[in-house]
Amino acid sequence: MRHPERRLLISVDMERYSRRTNLQQYEAQKHFRELLHEAAGDVGLDRVAWTTQQAGDGELAILPRDVAESRVIGRFVPELNRRLRSYNSSRVPAARIRLRVAVHQGLVHLDGANGFPGNAVVFVCRLCEADPVKRALAAFPDAGVALVVSAEIYRDVVTEYPEEMRPERFRRVEVAHPDKGFREDAWLCVVDEDLSAPPAPEDAGTPLPAPAPATTPPAPAGVAPGGDHRGEPPESAAPRTPPGTGDIRTGDVRVDGQNAIGHGATAIGSVGRDLNFGGGRKGRAR
């Protein structure tokens with residue numbers, strides 16, 4: 001057994017792979033590998049040098065010792081997202097390829113008999129399978145990549161050497177697999193999307209706290225709530241004539257039937273659509 005080596009680990013998984021037909025799975029696998037190779041080549045990464053463990057719907061990759069972590073997260077992931085968005089734009093939903101990508105680092109045995117033993121490998125795979133990551137990707141139908149990174153990667157790489165990534169777009173989430181005794185914090189983003197207010201579908205939920213509800217600002221000094229600057233009550237607070245009495249009020253003048261009662265005002269005629277009042281003289285109500 002060789003001594004384990006500290007490496008950067010990437011776990012990638014395709015969304016909704018098992019819902020595809022046989023031919024759709026065949027095509028998805030083919031284009032999945034092509035897109036990864038093209039995105040890596042465009043940013044100066046050699047995919048041939050990556051040690052990979054393939055699965056039908058994704059892969060686990062162990063990167064060379066000398067790879068620049070900031071290039072992987074800050075350039076490779078955004079380029080992969082751009083290529084996926086372009087690829088998906090001309091395809092029906094069932095044929096689109098959307099990826100969950102998890103990044104972590106740690107000790108791993110490269111000479112395992114049936115894979116790559118190491119807790120870091122288990123950790124990065126748990127991140128990729130996490131429900132908050134699945135929900136976040138589902139919430140943005142046009143996105144290509146949902147990226148989740150361990151707290152160490154976020155602290156050492158994303159915040160220090162973001163390159164094309166935006167650290168403020170990441171949100172801390174709890175990754176929990178209770179049946180496997182796994183519960184850890186991680187950092188999540190959907191590349192080129194804003195997770196602060198995701199347009200989540202009904203079955204996707206939301207991995208982030210809802211925004212705080214808006215509050216009504218207090219009234220300025222000297223202004224009664226709902227009133228004007230004189231502190232007068234709003235119109236809705238003024239006394240109203242009980243329904244069914246037939247009274248109409250305007251200021252200090254009350255019209256009851258054919259009579260106007262109030263300071264210096266009278267009305268003659270029946271109450272109709274228009275009212276004319278005069279101070280100290282007779283008015284007419286039609």
Side-chain angles (χ1 to χ4, degrees), residues 7-17 20 24-93 95-105 108 116 124-125 127-128 133 136-137 140-150 152-154 156-170 187-195:
R7 297 290 188 90
L8 190 69
L9 310 171
I10 304 177
S11 179
V12 184
D13 202 6
M14 268 189 272
E15 181 188 55
R16 299 176 181 265
Y17 179 80
R20 303 170 193 257
Q24 288 172 342
Q25 290 181 11
Y26 185 93
E27 289 294 316
Q29 287 188 19
K30 176 177 178 290
H31 293 295
F32 166 79
R33 288 178 59 84
E34 289 175 352
L35 289 163
L36 287 174
H37 279 283
E38 291 167 357
D42 280 353
V43 300
L45 295 173
D46 182 11
R47 279 264 302 169
V48 175
W50 294 14
T51 302
T52 60
Q53 179 175 298
Q54 300 296 325
D57 57 351
E59 72 171 28
L60 168 69
I62 302 172
L63 276 58
R65 294 190 196 91
D66 60 350
V67 71
E69 296 176 356
S70 61
R71 178 167 295 184
V72 172
I73 294 173
R75 296 184 61 189
F76 167 68
V77 172
E79 179 60 28
L80 179 60
N81 176 68
R82 283 190 289 269
R83 286 186 170 274
L84 287 167
R85 285 179 184 256
S86 176
Y87 174 88
N88 292 335
S89 65
S90 60
R91 286 167 173 80
V92 298
R96 293 172 186 167
I97 298 176
R98 286 156 37 91
L99 302 177
R100 301 189 305 276
V101 178
V103 182
H104 181 46
Q105 60 82 28
V108 55
F116 306 109
V124 76
C125 292
L127 294 186
C128 196
V133 187
L137 185 58
F140 295 94
D142 295 328
V145 174
L147 172 67
V148 59
V149 302
S150 62
E152 295 88 345
I153 293 294
Y154 178 77
D156 297 341
V157 182
V158 175
T159 62
E160 297 289 344
Y161 310 98
E163 301 222 6
E164 294 182 32
M165 297 300 288
R166 297 176 59 179
E168 72 274 10
R169 287 287 177 91
F170 284 75
W187 289 83
L188 168 68
C189 80
V190 178
V191 183
D192 288 338
E193 301 289 354
D194 186 359
L195 277 178

Report, one line per pair, each donor and acceptor closer than 3.5 Å where one atom sits in a side chain of residues 60-69; sequence neighbours left out.
unit_1, atom_1, unit_2, atom_2, d
R65, NE, E5, OE1, 3.2
R65, NH2, E5, OE1, 3.0
R65, NH2, E5, OE2, 3.1

- Can we say K30 and E34 salt-bridge, meaning some charged N sits less than 4.0 Å from an Asp/Glu carboxylate O?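 Here K30 pairs with E34 in a salt bridge, since their nearest N and O are under 4.0 Å apart.
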- Hey, is E164 close enough to R82 for a salt bridge, meaning N to O under 4.0 Å?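 Here E164 pairs with R82 in a salt bridge, since their nearest N and O are under 4.0 Å apart.
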Would you name the heavy atoms of [X] and [Y] that are closest together and state the gap between them?
| X | Y | result |
| --- | --- | --- |
| M14 | R100 | O-NH1, 4.1 Å |
| F170 | C189 | CZ-SG, 3.6 Å |
| E168 | R166 | OE2-NE, 2.8 Å |
| L127 | V103 | CD1-O, 4.3 Å |
| R75 | V43 | O-CG1, 3.7 Å |
| H31 | I97 | CB-CD1, 3.7 Å |

- Give the C-alpha distance, both sets of side-chain angles, the deciding distance and a yes or no for side-chain contact (heavy atoms from CB on, under 4.5 Å) between L9 and F116. CA-CA 11 Å; L9 310 171; F116 306 109; over 6 Å; no
Can you tell me how far [atom2] of [Y] sits from [atom1] of [X], rounded to the nearest 0.5 angstrom?
| X | Y | atom1 | atom2 | answer |
| --- | --- | --- | --- | --- |
| L35 | N81 | CG | CG | 11.5 Å |
| R16 | R98 | CZ | CZ | 8.0 Å |
| I10 | W50 | CD1 | CH2 | 4.5 Å |
| D142 | E193 | CG | CD | 7.0 Å |
| T52 | E59 | OG1 | CD | 5.5 Å |

Could you check whether any side-chain heavy atom of [X] comes within less than 4.5 Å of a side-chain heavy atom of [Y], counting everything from C-beta outward?
| X | Y | result |
| --- | --- | --- |
| R169 | D194 | yes |
| L36 | L80 | yes |
| Y17 | Q29 | yes |
| Q105 | I153 | yes |
| F32 | L99 | yes |
| I73 | E163 | no |
| H104 | E152 | yes |
| L147 | M165 | yes |

- Message: If we count only N and O atoms by modelled type, under 3.5 Å, do the side chains of R83 and Y87 hold a donor and an acceptor together?
- Response: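 No, no side-chain donor-acceptor pair sits under 3.5 Å.
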- Query: Would you say R47's side chain and G41's backbone share a donor-acceptor pair under 3.5 angstrom?
  - Reply: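 It does not hold such a pair.
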